[in-house]
Amino acid sequence: MTLEQKQCLLRYLGYYNGDIDGIWGGQSQQATIDFQRAYMEPEDVDGIFGTATEKRILEVIATGEEPKSVNVDTADWWQDIKYFTREEFRCPCGKCGGFPVEPDEKLVRLADQVRAHFGAPATVSSGVRCQAHNDELPNSVPNSYHVKGKAVDFCVRGISGAKLLDYVLTLPVHYTYQINGSDFVHMDVT
């Protein structure tokens with residue numbers, strides 16, 4: 001399928017209103033993300049119009065299926081989170097809408113637990129990332145857990161990175177490390 005055909009399909013469903021020019025820029029990627037959010041599982045939202053998205057968009061057009069009605073902004077579990085907001089986990093690229101995937105509940109609850117343990121404000125330097133932003137970062141890997149909404153880089157005011165890492169190592173995390181000897185720690189979950 002050509003890029004022009006993909007843009008036509010996204011336009012047909014009302015997700016793309018740019019030129020049908022075969023140039024796959026930010027508007028085409030955002031249209032893909034919006035379609036994926038409406039019709040695919042959260043773990044499949046990546047802004048990439050690949051084989052799975054192509055198959056799904058053709059199914060939707062053939063059957064006339066309605067979009068899922070899911071309001072991720074008001075997920076009930078966020079009400080239990082004491083120290084963080086959803087916005088703190090937003091992708092900072094300014095192109096993807098901020099949430100190509102949702103932050104993982106287990107991850108956010110663990111971060112909240114860390115913040116409560118130290119009794120000091122925490123700062124998220126990197127939460128959710130779209131694939132394009134992730135690919136722009138110099139030391140990031142293509143299969144980063146940030147792209148899946150399952151990783152956070154953060155620090156706690158007044159706590160050394162080593163002390164923060166020691167505590168995070170006591171939690172049921174998948175992987176964690178101190179970032180370049182700084183006070184920031186990476187934490188991800190499965």
Side-chain angles (χ1 to χ4, degrees), residues 26 29-30 33-34 36-38 40-48 68-190:
Q29 183 181 18
Q30 186 59 51
I33 289 168
D34 293 342
Q36 290 170 332
R37 282 185 180 154
M40 298 175 76
E41 296 302 317
E43 62 270 12
D44 297 326
V45 178
D46 59 9
I48 299 168
K68 299 175 188 172
S69 58
V70 177
N71 187 353
V72 294
D73 294 345
T74 57
D76 289 340
W77 62 266
W78 276 105
Q79 296 171 17
D80 300 334
I81 303 302
K82 187 171 182 181
Y83 299 108
F84 292 96
T85 65
R86 180 175 176 260
E87 285 300 307
E88 291 176 273
F89 289 80
R90 169 182 287 279
C91 178
C93 77
K95 301 173 192 168
C96 71
F99 294 99
V101 297
E102 285 301 308
D104 183 86
E105 179 180 357
K106 179 180 176 185
L107 176 75
V108 177
R109 288 188 185 280
L110 286 171
D112 215 43
Q113 181 179 335
V114 172
R115 163 62 179 87
H117 173 78
F118 287 108
T123 301
V124 173
S125 65
S126 184
V128 170
R129 296 179 193 158
C130 66
Q131 190 66 55
H133 178 63
N134 186 71
D135 293 346
E136 293 170 352
L137 299 175
N139 296 317
S140 188
V141 295
N143 59 346
S144 170
Y145 274 61
H146 287 280
V147 176
K148 301 172 186 175
K150 294 180 175 284
V152 64
D153 300 339
F154 67 107
C155 70
V156 176
R157 186 184 307 156
I159 305 301
S160 72
K163 186 173 181 179
L164 179 57
L165 178 62
D166 285 345
Y167 179 69
V168 172
L169 285 167
T170 69
L171 303 175
V173 298
H174 173 255
Y175 187 63
T176 187
Y177 59 90
Q178 187 177 353
I179 301 172
N180 299 326
S182 71
D183 289 337
F184 283 85
V185 166
H186 170 92
M187 176 173 76
D188 63 50
V189 297
T190 54

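Throughout, residue positions are numbered sequentially from 1 according to the sequence presented. All values derive from a computational prediction rather than experimental measurement.
For residues 173-185, no residue pair satisfies the salt bridge (Lys or Arg N to Asp or Glu O under 4.0 Å) rule, not counting sequence neighbours.
Contact between Thr85 and Trp78 at its shortest, heavy atoms only, is C-CZ3, 3.5 Å. Heavy atoms only, all atoms of each residue included: Phe118 and Tyr167 are closest at CZ-CB, 3.7 Å. Closest of all the heavy-atom pairs between Cys155 and Leu164 is CA-CD2, 3.9 Å. Taking each heavy atom of Gly149 and Leu107 in turn, the nearest pair found is O-CD2, 3.8 Å. In this structure, Val147 and Cys130 approach most closely via the heavy-atom pair CG2-O, 4.3 Å. Annotation for Cys91 and His133: closest pair SG-CB, 3.9 Å, computed over non-hydrogen atoms.
Here Leu171 contributes atom CG and His117 contributes atom NE2; the two are 9.0 Å apart, rounded to the nearest 0.5 Å. In this structure, Ser144 OG and Asn139 CG are separated by 11.5 Å, a value rounded to the nearest 0.5 Å. In this structure, Asn134 CG and Ser126 OG are separated by 8.0 Å, a value rounded to the nearest 0.5 Å. Atom CZ of Phe84 is separated from atom CG of Asp112 by 6.5 Å, given to the nearest 0.5 angstrom. Expressed to the nearest 0.5 Å, how far CG of Leu110 lies from CG of Asp104 amounts to 9.0 Å. The distance from atom CG of Asp188 to atom NE2 of His174, rounded to the nearest 0.5 Å, is 6.0 Å.
The main-chain N or O of Cys96 is never found under 3.5 Å from a side-chain atom of Gln29 such that the two would form a donor-acceptor pair. At least one donor-acceptor pair under 3.5 Å links the side chain of Arg115 to the backbone N or O of Ala120.
Between Asp80 and Arg109 there is a salt bridge, with a side-chain nitrogen of the basic residue lying less than 4.0 Å from a carboxylate oxygen of the acidic one.
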Between Val168 and Phe154, does the side chain to side chain contact (heavy atoms under 4.5 Å, CB included) criterion hold? Intermediate values first, please. CA-CA 11 Å; Val168 172; Phe154 67 107; 4.3 Å; yes

Yes or no on side chain to side chain contact (heavy atoms under 4.5 Å, CB included) for Arg157 and Thr123, after CA distance, side-chain angles and deciding distance? CA-CA 8 Å; Arg157 186 184 307 156; Thr123 301; over 6 Å; no

Stepwise side chain to side chain contact (heavy atoms under 4.5 Å, CB included) check, Val101 with Lys148: CA-CA 6 Å; Val101 297; Lys148 301 172 186 175; 5.6 Å; no

Side chain to side chain contact (heavy atoms under 4.5 Å, CB included), that's the test. Do Val108 and Trp77 meet it? Break it down for me. CA-CA 10 Å; Val108 177; Trp77 62 266; 3.7 Å; yes

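At a threshold of 4.5 Å between non-hydrogen side-chain atoms, the residues Glu102 and Pro42 do not count as touching. No side-chain heavy atom of Gln131 sits less than 4.5 Å from a side-chain heavy atom of Pro100.
Within 6.0 Å of atom NZ in Lys106, more than 12 heavy atoms from other residues, nucleotides or ligands are found, so the atom counts as buried in its surroundings. Residue-environment remark: CG (Asn143) exceeds the threshold of 12 foreign heavy atoms within 6.0 Å.
Between His146 and His186, the distance from one ring center to the other falls under 6.0 angstrom.
Under 3.5 Å, the side chains of Asp153 and Ser125 contain no donor-acceptor pair of N or O atoms.
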